[in-house]
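This structure is in structure tokens; I'll ask about it shortly.
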Protein chains: 2
Amino acid sequence: MTTPPAPRVTIKDVAARAGVSKGAVSLAFNQRPGLSEATRDRIFAAARELGWAPNSSARSLSSRRVDAVGLAICRPARLLGLEPFYMEFVSGVESVLTERSCSLLLRLVRNLEEEAGLLDTWWKGKQVGGSILVDFHADDPRPAAVERLGLPVVAVGHPSLTGSLPSVWTDDATAVTEAVRYLAALGHRRIARVGGAAAFGHTSIRTAAFDEAARALELAGARQVATDFSGEAGARATRSLLSATGADRPTAIVYDNDIMAVAGLSVAAEMGLRVPADVSLLAWDDSQLCRLTHPTLSAMSHDVHGFGAEVARTLFEVITGGEGGGSHPVPTPVLTPRGSTAPPGRGNHM
Amino acid sequence: MTTPPAPRVTIKDVAARAGVSKGAVSLAFNQRPGLSEATRDRIFAAARELGWAPNSSARSLSSRRVDAVGLAICRPARLLGLEPFYMEFVSGVESVLTERSCSLLLRLVRNLEEEAGLLDTWWKGKQVGGSILVDFHADDPRPAAVERLGLPVVAVGHPSLTGSLPSVWTDDATAVTEAVRYLAALGHRRIARVGGAAAFGHTSIRTAAFDEAARALELAGARQVATDFSGEAGARATRSLLSATGADRPTAIVYDNDIMAVAGLSVAAEMGLRVPADVSLLAWDDSQLCRLTHPTLSAMSHDVHGFGAEVARTLFEVITGGEGGGSHPVPTPVLTPRGSTAPPGRGNHM
DNA sequence: GACCGTCACTGAACCGGTAAAGTCCCTATT
DNA sequence: AATAGGGACTTTACCGGTTCAGTGACGGTC
């Protein structure tokens, strides 16, 4: 069974069939003025009959327009699958891209240098019209690379991390502060935070905010540990925190993502501690996962899908000229109390 | 602050700088014979100095080669984020694409008709050299569309679902059978299965296999329910199954993915049932999630990353001519016992 | 020393669109 | 009646690569 020799319909065939020139077909398909209704219809009819769709390479070659944007993600595959964040984020991005018939070029990279190189080829090779940048580090090589290239981007991260790049961010500092205040208001004094990878800029921001909040509230027992965002690391951190004795053991733990909170929950169970009676747990991001545990997880909740959509919208603004007012925050995560947080001490008899 | 007028380095500039013709540069960059070592070096040097990268549109326009493959996913965004499966799968695909400097065009679609249309534009517009098809339904419109187009694809799904398309699949029937046998061997007779969306072909396959296995083992108490793969649906199903009384209540439940198993676990806890003493739970896919619960989840485990990689490899084979031996299974998921399965009845005193 | 074969490289014709300038015709204006 | 203006198309350059039929030089052969 051989493939038929592939008809290869081009704009010329459509033009011939409609009895017009290539130019006319181009006008029609780009809904530009200068054609009569009748001709337009004939052209579309011809195109439909021949099953023609414009060759995107040819189109972007001559129009120097590109109908794709890039997203490179730099995290170990092992962690990516688990983080509900990314897929939700991508689906938000998609929702905006689709309505502008734009595609998403996705690539997983191993390190930021590789990513910078990728951005270079993407841009110089005219494969993308712009790109979304996530997971900023201290000393991130990307802002410089992007600046040098003139590549339109939207950075996902606080301006203090993304330099002069147009950026969209969540106000993590405020969110952390709210989380700590909430737990403190419940009566907790020994609050711990299981943070994400220290290399990430947003981790540092949260870490600093946590310290600050603890100081402001005079919480002597505040502690933080860094992880790699994986469930295993979250479990390990939790185990280490909870195995402290008596007055050293935290009564509440804030996690930097859902997965670690879930892991923490089962570590608590495994150690015979009741949640929230003996220890309160607070998750971050609030994917569906938080409602699937027992007890359900209180979380700092935000609309990740909407976040992605907003980022994509901003990217389009940046691409089509006006960088004006590019940078802006999206709504701060809000505290969503569920079953895993409560006043401390009810379980002191243990 | 204005963008500099964008230098726009082209192959001509490189050629001029190296003192050769465009053709020579092309030869060099496609590592084709016909150039002296010295010239080659001069060309590369010139390219590096000018920071040139070939324009991919121009390249694929004239060479009719495309350096991207498509993947359209048709599931509600809400579920996608949660399914560790997809990100892991994508990362596997990526790992193979990257080494051939090929990109992944990702698109989330709302229904299969939209996807079929997308494949049409992707292919006719020469945006992709091939595509990966997932989540087959009964009466799936895609095989016909793909056949008509002559689009190179690899279908992820059992040949009985994917028609004559080259396909890669996991042997779900065997895996289900193994799962049931395992539980039966532990002594369970009342085994339930919380399946995925009935529309999916692989769900039907598993459903049939479960029935068959139950019949073969003469398990009178076997039951199945369909869900939409979401954690909530999994929780609901579990609640309904476990609220049956006495001899109607299953002593073991198999889930079609991780998320539902996690949800099931907390429903059991919520209902005061101990796992595995009162009820055994068996998850599917075995992402890291299964090791983060308490008790840990026994699961049918497979290498999703490797699956993705294998699919990508097969797609390349299909694209580069030989469909020969395209279709093949990947290793069948293997049973990985953990803490959520045990012989029944130890908890009958409840 | 004429002839042949290679090797290294050039030149020009594409690939399939877009865009800007040009053509033609028809109507309104002076 | 001559002219301007505008709508409806057509023509014709590109866009930035790839490909392939040359071309010239050089070495070897008889």
Side-chain angles (χ1 to χ4, degrees), chain A residues 6-44 46-47 50-68 101 121-127 129, chain B residues 5-44 46-47 50-68 101 121-129:
Chain A
R8 302 221 127 275
V9 185
T10 78
I11 198 174
K12 214 185 328 183
D13 304 314
V14 177
R17 171 142 199 161
V20 295
S21 69
K22 296 199 305 174
V25 178
S26 178
L27 289 180
F29 264 76
N30 293 293
Q31 36 221 28
R32 250 194 280 280
L35 290 183
S36 68
E37 224 19 71
T39 313
R40 221 171 268 277
D41 291 348
R42 263 191 6 261
I43 291 175
F44 283 127
L50 295 175
W52 176 73
N55 179 315
S56 68
S57 306
R59 185 203 286 260
S60 65
L61 178 56
S62 57
S63 71
R64 40 186 83 273
R65 222 183 303 119
V66 190
D67 50 351
S101 44
T121 24
W122 268 354
W123 177 237
K124 288 186 180 156
K126 287 288 158 241
Q127 297 194 63
Chain B
R8 304 219 127 277
V9 185
T10 77
I11 198 175
K12 215 188 322 186
D13 304 315
V14 176
R17 171 142 200 158
V20 296
S21 69
K22 296 200 302 174
V25 178
S26 178
L27 289 183
F29 264 76
N30 294 294
Q31 36 220 28
R32 249 195 280 282
L35 291 182
S36 68
E37 223 21 69
T39 312
R40 220 171 269 276
D41 291 347
R42 262 189 9 261
I43 292 175
F44 283 126
L50 295 174
W52 176 74
N55 179 314
S56 68
S57 306
R59 185 203 286 259
S60 65
L61 177 56
S62 55
S63 71
R64 40 185 83 274
R65 222 182 304 121
V66 190
D67 50 353
S101 46
T121 25
W122 268 353
W123 179 238
K124 289 185 180 157
K126 287 288 157 237
Q127 296 193 64
V128 301

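The chains referred to below are lettered A, B, ... by the order of the sequence lines, with proteins before strands, and numbering in each begins at 1.
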With sequence neighbours left out, what residues match Ala58(B) under side chain to side chain contact (heavy atoms under 4.5 Å, CB included)? Leu61(A), Asn55(B)
Return the set of residues passing side chain to side chain donor-acceptor pair (under 3.5 Å) with Thr10(B) (not counting sequence neighbours), or none when no residue passes. none
Start and end of the DNA chain C segment that chain A contacts, any atom under 4.0 Å from a heavy atom: dG16(C) to dA19(C)
Side chain to side chain contact (heavy atoms under 4.5 Å, CB included) filter on Ser63(B), not counting sequence neighbours, yields Arg59(B), Arg65(B)
Hey, could you give me each pair passing salt bridge (charged side-chain N to carboxylate O under 4.0 Å, His left out) that has a residue in residues 16-36 of chain A? Not counting sequence neighbours. Arg17(A)-Glu49(A)
Quick one: side chain to side chain donor-acceptor pair (under 3.5 Å) partners of Ser36(A), sequence neighbours excluded? Thr39(A)
State, to the nearest 10°, the angle formed by the axis through the first five base pairs of the helix from dG1(C)-dC30(D) to dT30(C)-dA1(D) and the axis through its last five. 60°
Any side-chain heavy atom of Trp52(B) within less than 4.5 Å of one from Val25(B)? yes
Ser56(A): what forms a side chain to side chain donor-acceptor pair (under 3.5 Å) with it, not counting sequence neighbours? none
Contact between Val20(A) and Leu35(A) at the side-chain level, heavy atoms closer than 4.5 Å - yes or no? no
List for me each residue that meets side chain to side chain contact (heavy atoms under 4.5 Å, CB included) alongside Thr121(B), sequence neighbours excluded, and say none if there are none. Ala53(A), Leu118(B)
For Gln31(B), side chain to side chain contact (heavy atoms under 4.5 Å, CB included) partners two or more places apart: none
So what does Ser21(B) hit on the nucleic acid, given a heavy-atom distance under 4.0 Å: a base, only sugar-phosphate, or nothing? base
Starting at the 5' end of nucleotides 12-28 of chain D, put B wherever the base has a protein heavy atom under 4.0 Å, S where only the sugar-phosphate does, and a dash everywhere else. ---BBBBB---------
